[in-house]
Protein chains: 2
Amino acid sequence: MDDVNIKKLAKDLNLSTSTISRAFRGNSDISQATKERILAKAKELNYQPNLYASNLREKKSKTIAVIMPELANNFFSQAVKGIERVARDNGYHTLLYVTDDDYQKEVGIIDDLSNGRVDGIIMSASGEANDHAYLGKLKKKKIPLVFFDRVYDDVDVAKVTTDDYTSSFEATRHLVEAGCKKIAFLVINKSLSIGKMRMQGYVDALKEAGIPFQPDWVIDCSNDREESIDIITKVLDTLRPDGLFAAVERLAMASYYACHQLGVKIPEQVKVISYSSLEIAPLLNPSLTTITQPAGDMGTEAARLLFKTLDAAEPAQVQDHLVLHSRIIQRRSTEKS
Amino acid sequence: MDDVNIKKLAKDLNLSTSTISRAFRGNSDISQATKERILAKAKELNYQPNLYASNLREKKSKTIAVIMPELANNFFSQAVKGIERVARDNGYHTLLYVTDDDYQKEVGIIDDLSNGRVDGIIMSASGEANDHAYLGKLKKKKIPLVFFDRVYDDVDVAKVTTDDYTSSFEATRHLVEAGCKKIAFLVINKSLSIGKMRMQGYVDALKEAGIPFQPDWVIDCSNDREESIDIITKVLDTLRPDGLFAAVERLAMASYYACHQLGVKIPEQVKVISYSSLEIAPLLNPSLTTITQPAGDMGTEAARLLFKTLDAAEPAQVQDHLVLHSRIIQRRSTEKS
DNA sequence: TTGTAAGCGTTATCAC
DNA sequence: GTGATAACGCTTACAA
C-alpha cells in the first residue's frame with residue numbers, strides 16, 4: 001500500500017474520519033479504547049497525518065524562518081544553532097536562508113515567505129541603505145518579525161542586539177590604556193547601524209582620551225579577504241598606527257595576516273582588538289583580545305521574543321528591544337609593552 | 001481586507017478561480033491580456049497563492065531538510081551554507097535541524113519529516129552505533145536521503161564523503177617524516193565510520209613506517225572540551241608522545257590548550273596535525289598543519305545528488321557514493337626541529 | 001480562451 | 001462517544 005490517509009484508516013477500522021482525526025489531537029472526546037485501537041493501526045500502516053492538509057485547515061505552519069547574511073562564521077552559526085534549539089523545543093521547524101549580504105536576495109526571500117509558509121521570521125538584515133517598504137507585506141499578513149543583531153532602525157519590530165556603542169567605547173579605551181595613541185578603526189560598512197554605533201563609541205572614547213578624531217583613520221575595508229589585507233597593509237605602511245580596532249572578526253584576521261606579512265609585531269608595534277566570536281581566539285598568535293558577543297544567547301532570546309508573539313492570544317506585535325552585553329576578553333594582542 | 005484568496009480575486013475581476021490559477025502557473029493557456037489584468041490586481045491586493053493548498057494538491061513541498069550533528073563549527077556551517085545555496089538555486093527551501101550528536105533527536109526528526117514535510121533529506125549521521133531501521137520509513141514514503149560526511153554503512157543511499165583513509169594515512173606519514181616515533185591518535189568516537197577509517201589510515205601508515213601499533217595510543221576523548229583537555233594532558237604526561245594526530249578539529253584545539261597549560265612546546269616537543277576547516281589555522285600559535293576537507297563543495301555536491309534524484313522522472317533512488325579529496329596543508333605545528 | 005466542478009487530506013460543527 | 005458533512009484554498013480534467 002502506498003498512500004495511507006485518514007480515509008483508508010477509517011475504512012480499515014470501520015470508523016469515521018472524524019474519529020480518526022480525534023485520536024490524533026489531544027483535546028477531543030474519544031474513548032480510550034478506540035483511541036488506542038486507532039493509534040495501533042496507524043503505527044502498523046505507518047500512517048501520519050498529512051502536514052499540508054492540516055496546515056491548510058489550521059492556517060498555521062509551525063515553521064519559522066531564519067534569514068542571515070552569512071553562515072560560515074562563528075557568530076551567526078552559533079546564533080542559528082540557538083534559534084533552532086528553541087524553535088524545536090517549542091515544536092517549531094526552522095527554515096534557513098543565507099543572503100550573502102545581498103539586499104536583493106533578502107527582498108526575494110521575504111517575498112517568498114509572505115505566502116504563509118512561515119508563522120514568524122528572525123532576520124539579521126543585509127540592506128540597510130535600501131528601501132525597507134517591502135517589509136510592510138509581512139505586517140499586512142501578520143507575520144511577526146524579530147531583528148537580530150543587524151537591524152533596520154526605521155522598522156518597528158522586536159529587536160535583539162548588543163550594546164555596540166558601550167562595548168566599542170570600552171574597547172577603544174582599553175587600547176588607549178594600553179598605550180595606543182594612533183588607533184585606526186577598521187570597518188566594512190560604516191553606514192550600517194552596527195558600524196555607526198561602533199564607530200561612535202570609538203569616536204567618543206578618543207575624545208574622552210583627548211585624542212583628536214581624524215576621519216581618515218576610519219578605514220573602509222572589504223568583504224573580500226585579500227582586498228582587506230591589501231588595504232590594511234597600506235594603512236600600516238602609511239598611517240603607522242599603534243592600535244587597530246576591528247569592527248568585525250574577519251578584519252582582525254586580515255590584520256593578523258597583514259602584520260605577519262609585513263613583519264609588524266603584535267602587540268609590540270601595534271595592538272589589536274576585535275569583535276569576535278572565535279572560540280580559539282586564545283590560541284591565535286598572539287592570542288587576540290576580543291569583544292565577544294553572546295551569540296548563542298542572542299539567538300535564543302530572539303527566538304523567545306518571536307514565540308512570545310506567536311503564543312500571544314492577541315497577536316499584538318511585540319516591540320521589545322533587548323540589548324545584551326558584550327564582554328571584552330583581554331589577551332596578548334593588546335598587552336602593554 | 002484581511003485574507004485575499006483566489007476566490008476574492010476571481011470575484012473582483014469577474015473571472016473564475018481556474019483562470020486566476022492559470023495566471024500563476026507557467027504552462028496553461030491564458031490570454032496575455034487577462035493574465036496581465038490578473039497579475040496587476042494580485043499585486044494591488046497583495047495576493048499570493050496559499051502555499052499549503054498548493055502543496056496539498058500537488059503533493060510536493062519544494063522543501064528539503066538538512067540534519068547535522070552540530071552547527072557552531074566551521075565544517076558543518078560551511079557545508080550547510082553550500083547546501084542552502086544550491087537548494088535555493090533550484091527553487092527549494094531548506095529546513096535545518098541540529099541533533100547535538102544525539103541519536104534520539106535524529107530519530108525524532110526523521111519521524112517528523114516522514115509525513116511529507118520535505119521532498120528530500122541531507123543528513124550527517126549521529127547514531128552509528130544504533131539501529132537504523134527507522135530510516136526505512138523514508139524509503140516507504142519515497143523520500144530520498146543523501147548522507148553527508150558521517151554515513152551509516154549499512155544504509156544504501158547516496159553518500160558524499162572524503163577520502164578519510166587516504167588522508168589519514170598521509171597525515172600519519174607526514175608526522176613520521178617530520179621525525180615522530182610516538183604518535184597518539186585522538187578520536188571522539190572510534191566506532192563511527194569516520195573514526196574507523198581515519199584510524200585505519202593511522203594504523204597502516206605506522207605499519208608502513210615499521211612502528212608497532214599499540215591500541216592504548218588511540219585516545220578516546222570527549223565532546224566536552226574540558227574533559228578532552230584533561231584526557232590529553234594526562235596523555236602528554238604519561239605516554240609522552242612526540243606527535244598528536246587529532247581526528248577532529250576540536251581535539252586539535254584541546255591539544256593546543258593542554259600543551260599551552262603544560263608548557264609543552266609545539267612543534268619542538270610534540271607535533272600536531274588535525275582534520276580541520278578552520279580558516280584561521282595559519283594564525284594559530286603555532287600555525288596548525290591541517291587536513292582540510294572541502295566542506296562547501298561537499299555540501300553543494302550532496303545537494304546536487306539530492307536534486308538529481310528529485311528531478312528524475314522515475315524517482316529511482318540514486319546511490320552514488322561521491323568521494324572528495326582532502327588536502328594536507330603543512331604549517332608550523334609539524335615542522336621538523 | 002475560459003468556466004464548472006471534483007478533489008487533495010485534514011479538522012470543526014453539528015447532529016445523533 | 002461517534003458519524004456525516006462542509007469547509008480550508010488551490011489545481012486540473014473536462015466541458016463550453
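In what follows, chains are A, B, ... by sequence order, proteins preceding strands, each numbered from 1. Please read these numbers as outputs of a predicted model, since none were measured by experiment.
- You'll find the side chain of B:Asn73 stays beyond 4.5 Å of the side chain of A:Ser77, heavy atoms only.
- Side-chain atoms of B:Arg150 never come within 3.5 Å of backbone atoms of B:Ser126 as a donor-acceptor pair (strictly under, hydrogens ignored).
- OP1 or OP2 of D:dA4 has not a single side-chain nitrogen or oxygen of A:Ser18 nearer than 4.0 Å.
- Counting to the nearest Å, the P atom of C:dG7 and the CG atom of A:Leu56 are 17 Å from each other.
- Contact check, B:Ser16 against C:dG3: a side-chain N or O comes under 4.0 Å of OP1 or OP2.
- B:Met68 is not listed as a side-chain neighbour of B:Asp101, based on a closest heavy-atom distance of 4.5 Å or more.
- Between B:Gln32 and A:Asn5, the residue anchored closer to the 5' end of DNA chain C is B:Gln32, taking for each the nucleotide with the nearest heavy atom.
- Here the two rings, on B:Tyr97 and A:His93, have centers that are under 6.0 Å apart.
- For D:dG9, the OP1/OP2 oxygens have no side-chain nitrogen or oxygen of B:Ser54 closer than 4.0 Å.
- Between D:dT11 and B:Tyr52, no contact under 4.0 Å exists linking OP1 or OP2 to a side-chain N or O.
- OP1 and OP2 of C:dT10 both lie 4.0 Å or more from every side-chain N or O belonging to A:Thr17.
- Judged by distance alone with a 3.5 Å cut-off, a donor-acceptor contact links the side chain of A:Arg57 to the base of D:dA7.
- For the pair B:Lys7 and A:Thr19, nearest-nucleotide mapping onto DNA chain D gives the more 5' position to A:Thr19.
- Look at B:Lys59 and you'll find a side-chain N or O under 4.0 angstrom from OP1 or OP2 of C:dG9.
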